[in-house]
Amino acid sequence: MKQTIKHIALTLLGALCFTSCIENTIPYPVEKMEILAYEGEGFRAAIDPVTRTVTLTLEEQTNITQVEVTKVEITEHGKASMPLVGTFDLRTPIQVTLSRYQDYVWTIQAEQPIERYFTVAGQIGQTEIDSKSRTATVYVAEGSDLENITVTSLKLGPKEVTTMTPSIEELTSFTSVRYVYLHYPALGAEQERWQLYVLETDVKVTLTAVDAWAKVAWLYGAAEEGTQVGFRYRKVGDQQWVDAPKATQQGGTFTSKVTGLETETEYEFVAYSNEDLSPTEIRRTEKTQALENGGFEDWCVVNKIVYPYAEGGTPFWATGNVGASIANATVTEGVSDPRPGSKGQTSARLTSMFANLFGVGRFAAGNLYIGNYVRNDGTHGIINFGRPFTARPIALKGWVKYNCGAIDRITTQPPGVEIQKGDADCGSLYIALGDWDPAVYGGTAESPVEVATRRIDETAFDPKSEAVIAYGELLLKESVNGWTEVTIPLEYRSTSRVPTHILIAFAASRYGDYFTGSTESVMWVDDFELIYE
């Protein structure tokens, strides 16, 4: 009997051990928990899934101690370690853990940029403002009367909610440092003390920066306000100086743009103020970079899929044809319809359609973009935008015609846009230059910006992102019945930043990434080129 009991006990123990082993060795699926949307009052949110960070850029009047969050969306079935909607003090970052099978720690942080300025009459150069030490410094000509300085502008705190002591009218004598005290209790801030300096300088004029592109140069100078200022330039080796176009003067700074320069050539530049000259600076202009296959003459077919490059060639442009091929459809192809006067024989035709196979399908916009189609994700797609590029053109120029259809397919409403069936579709052409980091934007070193339509609200291309150096866009809100030449100017955020990549995208339906548009919309493009002056 005892042996029988012992045998049963050992059997049960073995069974328990076996069961325990089974439970411990079954792997849980790996599912990343992400914050997909973050909305509220008085801020805009930037979500970085790589670093798992949500950065809120607060408006100047937003109280950082009472940030109102009204809507947060996380990965389906995920749970958060704390409430995500409500009022938060974001003077220090908040960490939240999102969990399902695994834990993912996210950081929610805030920044609050405040526009600050301090200028005086007769100022030389730009104001130096240090928000950490709370100092603002301006320079005036040597021998200026520091007992009678006229402050022309002063703003150091959040707009509309800040009071300042003393007032701007009381600030006249600057023989030593002047202190001003800022109060904005509505934002929960304590009193701030700022130090204002007006210092003399014997520098009459300075050439502060020369940004030489391929065929243009941007010139920046500093001199006493109210003097006769400008720039001169010449090719290295020439004797004669050339006057730059009339400078735009703002306070103690002035700027001008020189055009008509030769590429890869050294030039001398000098700034002047009345009879005074700055030291001479030498800069070499850049080389231009042509737009590959801008005439859309090169096409090939691989495994029944049409690609916008020559057979055996190096891909530069890409399309959504790989995704549409699931339904045996082609949304973009070369056609024998060149623009009048073209040296080529083909143009690109972008056709929006409902790609359907065995009752399963999606709306697909005719599209053409610089980058590559990564892969299909079910009936969704993942693409990477961009190719390496370091030149700085001023515009994109080409030819287009467009049939604008009435919207008949609505899958997802783009954020902030209300679309109804019957509304006119919209064709889109845009160009961007930037220095995108693939670790941040999800792509590769070759094509750094990932767009995944399954997560389109999170990954849609953002022309306002910090990585964008220049951007230009043309929207076609009605049909363009014949071939028409168009120019898309590039607006630069900075003349000194050098891009690492170029991105161009054409779409017959602007909201094709949201599977929304018209099956009647068709765009033709031909002979696009980059303009450098």
Side-chain angles (χ1 to χ4, degrees), residues 41-44 56-68 89-92 110-206 208 220-229 247-255 273-274:
E41 299 295 329
F43 66 81
R44 60 180 177 85
L56 309 184
T57 302
L58 307 184
E59 296 174 0
E60 288 195 12
Q61 305 95 323
T62 300
N63 189 340
I64 195 171
T65 69
Q66 299 178 29
V67 179
E68 296 286 342
D89 184 344
L90 289 175
R91 285 176 292 182
T92 57
E111 59 183 18
Q112 192 167 33
I114 295 175
E115 182 185 22
R116 296 183 171 97
Y117 46 80
F118 169 42
T119 61
V120 302
Q123 180 173 338
I124 296 177
Q126 292 184 324
T127 304
E128 299 172 358
I129 295 181
D130 186 336
S131 59
K132 291 184 178 180
S133 63
R134 294 178 180 167
T135 61
T137 305
V138 298
Y139 294 90
V140 295
E142 195 172 41
S144 297
D145 183 2
L146 299 184
E147 289 278 6
N148 294 286
I149 294 294
T150 301
V151 178
T152 53
S153 69
L154 179 60
K155 177 183 175 295
L156 299 172
K159 61 183 178 182
E160 301 175 3
V161 295
T162 301
T163 58
M164 182 179 68
T165 305
S167 67
I168 188 172
E169 292 78 14
E170 297 174 280
L171 293 169
T172 54
S173 176
F174 283 87
T175 54
S176 61
V177 61
R178 293 298 305 268
Y179 297 100
V180 294
Y181 298 87
L182 308 184
H183 311 263
Y184 40 102
L187 302 188
E190 298 178 356
Q191 175 178 274
E192 289 183 2
R193 188 183 79 164
W194 280 74
Q195 303 172 66
L196 305 183
Y197 295 91
V198 177
L199 304 179
E200 295 179 83
T201 177
D202 59 357
V203 175
K204 303 297 184 182
V205 59
T206 304
T208 56
Y220 300 88
E224 184 178 355
E225 181 182 10
T227 58
Q228 188 69 33
V229 296
T248 300
Q249 192 169 9
Q250 183 175 6
T253 63
F254 55 103
T255 64
S273 172
N274 293 337

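Only a predicted model underlies this, so the values are computations on that prediction, with no experimental measurement involved. For reference, positions follow the sequence shown, starting with 1.
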Check the surroundings of atom CD in E200: do more than 12 heavy atoms from other residues, nucleotides or ligands lie under 6.0 Å from it? yes
Are Q195 and Y197 linked by a side-chain donor-acceptor pair shorter than 3.5 Å? yes
Compare every heavy atom of V205 with every heavy atom of S273, then report the nearest pair and how far apart it is. CB-CB, 3.7 Å
Contact check, side chains of M164 and L154, non-hydrogen atoms, under 4.5 Å: yes
Decide whether Y184 and E192 meet the rule of one side-chain donor and one side-chain acceptor closer than 3.5 Å. yes
Find out whether T127 and Y117 are in side-chain contact, i.e. whether some heavy atom of one side chain is under 4.5 Å from a heavy atom of the other. no
Step by step, work out the side-chain contact (heavy atoms from CB on, under 4.5 Å) result for T62 and F43. CA-CA 8 Å; T62 300; F43 66 81; 5.6 Å; no
Closer than 3.5 angstrom, by distance alone: can the side chain of R134 be matched with the main-chain N or O of W194 as a donor-acceptor pair? no
Which residue, T201, D145, V198, I124, forms the side-chain contact (heavy atoms from CB on, under 4.5 Å) with V140? V198
Shortest non-hydrogen contact between A136 and I129, atoms and distance: CB-CG1, 4.1 Å
Can K159 and Q61 be said to form a side-chain contact (heavy atoms from CB on, under 4.5 Å), step by step? CA-CA 7 Å; K159 61 183 178 182; Q61 305 95 323; 3.7 Å; yes
For residues P166 and V180, determine if any side-chain heavy atom of one lies less than 4.5 Å from a side-chain heavy atom of the other. yes
Could you check Y220 against Q126 for side-chain contact (heavy atoms from CB on, under 4.5 Å), going step by step and ending with a plain yes or no? CA-CA 11 Å; Y220 300 88; Q126 292 184 324; over 6 Å; no
E160 side-chain N/O to T162 backbone N/O, donor-acceptor pair under 3.5 Å: no
Do T152 and T119 have side-chain atoms, one donor and one acceptor, less than 3.5 Å apart? yes
Search all heavy atoms of K155 against all heavy atoms of E60 and return the closest pair with its distance. NZ-OE1, 3.1 Å
